[in-house]
There are 2 protein chains.
Amino acid sequence: MTEPKRRGPRQAEAERNDRALLRAARQVLAADGGHASVAAIAAAAGVGIGSLYRRYRTKEELFQRLAELSLDNWNQAAERGLAEDDPWEGLASFIVTCAEFGQGSLAPIAGTIEVTKEMQAKSDRSDELLAALVARAHQARVLRPDVTAVDISLLIEQFGRSPALDQLRKQGREDLIEAAANAHKRVLAIAVDGLRACHSRPLPGNPPTDQLFSERWAHETGRDRRWTG
Amino acid sequence: MTEPKRRGPRQAEAERNDRALLRAARQVLAADGGHASVAAIAAAAGVGIGSLYRRYRTKEELFQRLAELSLDNWNQAAERGLAEDDPWEGLASFIVTCAEFGQGSLAPIAGTIEVTKEMQAKSDRSDELLAALVARAHQARVLRPDVTAVDISLLIEQFGRSPALDQLRKQGREDLIEAAANAHKRVLAIAVDGLRACHSRPLPGNPPTDQLFSERWAHETGRDRRWTG
DNA sequence: TTACAACCGGAGTAATTCGCTCCGCAAGTT
DNA sequence: AACTTGCGGAGCGAATTACTCCGGTTGTAA
C-alpha cells in the first residue's frame, strides 16, 4: 500500500540502493563495530553518501531500520521453523537462518539506539516464538534437556557474525570470501549438532537468566559507562 | 634473565599495571574492534595514558605484544593438551583455554600490525601443535572424522569473544558480567560437544583450505581496501 | 532539441576524536 | 633534604566524524 508499484527506473534504482545499503550496513557494522562510519557503509554499498542521507535522515534512523529488519527476519524464521513437521529440523533451520542473516551485527549498537514501540512488540513476539520452538523440541526429546532458550539466543548471536569473514571483506579478498562463508557454515553446523539430545555429560554451570537479554537494549539508564568508546 | 627480580614496590606496581593494560586491551579490542583507542584501553585498565606510553612506544607495539602473548597462550595450552592422557580431553581443554583467553580479540588487528620473525615462528609452531592434537584425536576416533584443524581454529576464533559480554562490560553492568561469562562457557561447551564422533550426518560443504588462516596476518600486500574503516 | 524533474555522487564544514608528548606531582631511597 | 622512579592527564596537531549542499547525469515530455 505504501509502495503499490514502482513508477519508473529511478525508483527501481532507489530500491536497489536501499537494499544494498542495509546489506552493507550489516557487514560494516559486523566488521567495524558500533563506530562504523556512514562513509564506510555507503562505500561498501557502492552508493554515495548523499543517497544514504536521502533515505535516512540520520545514522540512527538507519540503525533503527536495521534492528527492525533483523527482528522481522528472526520472527519469520521462527514461524517457518514452527511450520516444519520435524521439531528438530524446525529449530535447526531457525538457528541457521538467523545466524546467516547477520543477527550478530546488531550487538554493538544495542543500547545506543532508541527502541520504538513496534520494535518492542516484535521483540516480545520473538521471545514467545523462540520459547515455542524450544518447548516443542524438548517435548520431542530431540534437544538436550539442559539447553534453554537463552542458550539458543546466545548461540545465534555468537554465530551472527564471522570474524574471519569480516576481516577478509575489509581486506577486499573477494577470492576467499565464499570459502570463509562456507567454513563458517560448517562450524555453525558443528555447534548445532552439539544441541542434539545425544550427549552424556551435562553442561557446566547453571542455566543463564533471561535478564541477560531482556536488559540489553535498555537505553542509557543514567548508569555511568566505563569507556568512552 | 631480562627481569631476574623486581627491585622494589615501584617495579611491582609497574608489573601490575602492565598486566592490567594487556588484559584491558584484549577486552576493549573485543568490544570496540580495531578502532579501540589507547585512551579507552588505559581507562579500562585503570591507569593513565602516560603509563601506557612509558611501557609501549606506540599503539602498534602494544598490539604486537598482545599478539605474541596470544600465540604463547595458544602454544602453552596446546602443549598441556598434548600432555593429557585422554586425546579428547586434551583437545577439548585446549579449545576452552584458548577461547577463554580471548583469542578472538585479535581478529580486528590482524593485517594491521607488522609480524615479527618471532611471531611467525610461534605461529608456525601453533599450526604444528594443533595438527598434532587433531591427528591424535582422529586416531583415537573421538573426534568426528570430517572435522579439520582449520575448523577447530575457526571455532576457537568464533568463541574467542562474547558479544553479550562485551556489551555488558561497555555498559558497566558489573552485576551481569559473571553471569554472561558463565553463559558463554555453556554455549562453548555445546559447540565442543558437537565435535565428538557421535554424529550421523556429515558436515555441509567441503573442508576449508588453510589458506583462510595462513594469509590472514599478511600485511598490506598493496591490494586495495574496500573500506576506509 | 529544449525544458524539466528526479536522483545521483561526493567535496566541503564544523565538531569531535585520535595518537602521542610533556610536565607537574607523589612515593621510595639515600 | 636531594634524588630517582614512576604516575596521571592536560594539551597538541592531525585525522575522522556526521551531515549539508550543489553541480552533474539520467529519463520523460513537449
Side-chain angles (χ1 to χ4, degrees), chain A residues 3 5-22 24-25 28-29 31-66 108-109 112-114 170 225-229, chain B residues 3 5-22 24-25 28-29 31-66 108-109 112-114 170 225-229:
Chain A
E3 288 293 329
K5 257 159 202 147
R6 29 156 113 160
R7 291 160 308 185
R10 311 309 303 260
Q11 273 77 8
E13 184 179 5
E15 279 179 36
R16 266 186 292 116
N17 281 350
D18 192 30
R19 268 193 294 272
L21 273 174
L22 290 165
V28 178
L29 218 40
D32 288 350
H35 303 316
S37 69
V38 288
I41 293 174
V47 307
I49 301 177
S51 301
L52 190 158
Y53 274 97
R54 203 168 311 106
R55 236 151 295 278
Y56 303 97
R57 279 177 306 187
T58 65
K59 187 185 181 182
E60 174 163 14
E61 197 170 294
L62 168 63
F63 283 176
Q64 282 179 314
R65 179 93 186 101
L66 214 56
I109 59 173
T112 73
I113 64 176
E114 200 171 359
K170 220 168 178 175
R225 282 199 254 177
R226 287 283 306 278
W227 309 326
T228 58
Chain B
E3 289 293 330
K5 257 162 204 145
R6 26 158 117 160
R7 292 159 309 183
R10 312 308 303 263
Q11 274 77 8
E13 184 179 4
E15 279 179 36
R16 265 187 293 113
N17 282 348
D18 192 29
R19 268 193 294 271
L21 273 174
L22 291 165
V28 178
L29 217 40
D32 288 350
H35 304 316
S37 69
V38 288
I41 293 173
V47 308
I49 302 178
S51 300
L52 191 156
Y53 275 97
R54 201 167 315 103
R55 235 152 295 281
Y56 303 97
R57 278 177 305 189
T58 65
K59 186 185 182 184
E60 174 162 13
E61 197 170 295
L62 168 62
F63 284 175
Q64 281 180 317
R65 179 92 185 102
L66 214 56
I109 58 172
T112 74
I113 63 177
E114 200 172 357
K170 219 168 178 173
R225 283 200 255 178
R226 286 282 306 279
W227 311 326
T228 59

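Just so you know, these numbers come straight off a predicted model, no measurement behind them. Each chain gets a letter, A, B and so on, in the order its sequence line appears, and its residues count up from 1.
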[X] side-chain proximity, nearest of [options]:
X	options	value
A/Ala14	C/dC20, C/dC8, D/dC7	C/dC8
A/Thr58	D/dA18, D/dC19, D/dG6	D/dC19
B/Ser37	D/dA18, C/dC8, C/dC18	C/dC18

Below 4.5 Å, heavy atoms only, C-beta onward: do [X] and [Y] meet side chain to side chain?
X	Y	value
A/Leu62	A/Leu22	yes
A/Ile113	A/Leu66	no
A/Lys170	A/Asp32	yes

Looking at every non-hydrogen atom in both residues, tell me the closest pair between [X] and [Y] and how far apart they are.
X	Y	result
A/Gln64	A/Glu114	NE2-O, 2.8 Å
A/Ala24	A/Ile41	CB-O, 3.7 Å
A/Ala42	A/Leu21	CA-CD2, 4.3 Å

Given atom [atom1] of [X] and atom [atom2] of [N], what is their separation to the nearest angstrom?
X	N	atom1	atom2	result
A/Arg16	C/dG9	CZ	P	11 Å
A/Tyr53	C/dA11	OH	P	16 Å
A/Tyr56	C/dC8	OH	P	12 Å
B/Phe63	C/dC18	CZ	P	12 Å
B/Arg55	C/dC20	CZ	C1'	16 Å
A/Ile41	D/dT16	CD1	P	17 Å
B/Leu52	C/dT21	CG	P	12 Å
B/Glu15	D/dT5	CD	P	17 Å

Please output the side-chain donor-acceptor pairs of residues 45-59 of chain B that fall under 3.5 Å, not counting sequence neighbours, one pair per line with the distance.
from    : atom 1 : to      : atom 2 : distance (Å)
B/Tyr56 : OH     : B/Asp18 : OD1    : 2.7
B/Arg57 : NE     : B/Glu61 : OE1    : 3.2
B/Arg57 : NH2    : B/Glu61 : OE1    : 3.4
B/Thr58 : OG1    : B/Glu60 : N      : 3.4
B/Thr58 : OG1    : B/Glu61 : N      : 3.1
B/Lys59 : NZ     : B/Ala36 : O      : 2.9

Please list, for nucleotides 8-10 of chain D, all pairs of protein and nucleotide N/O atoms separated by less than 3.5 Å.
from  : atom 1 : to      : atom 2 : distance (Å)
D/dG8 : OP2    : B/Gly48 : N      : 2.9
D/dG8 : OP2    : B/Ser51 : OG     : 2.4
D/dG9 : N7     : B/Gly50 : N      : 3.2
D/dG9 : O6     : B/Gly50 : N      : 3.1

Just N and O in the side chain of A/Arg57: are any of them under 4.0 Å from OP1 or OP2 of D/dT20?
no
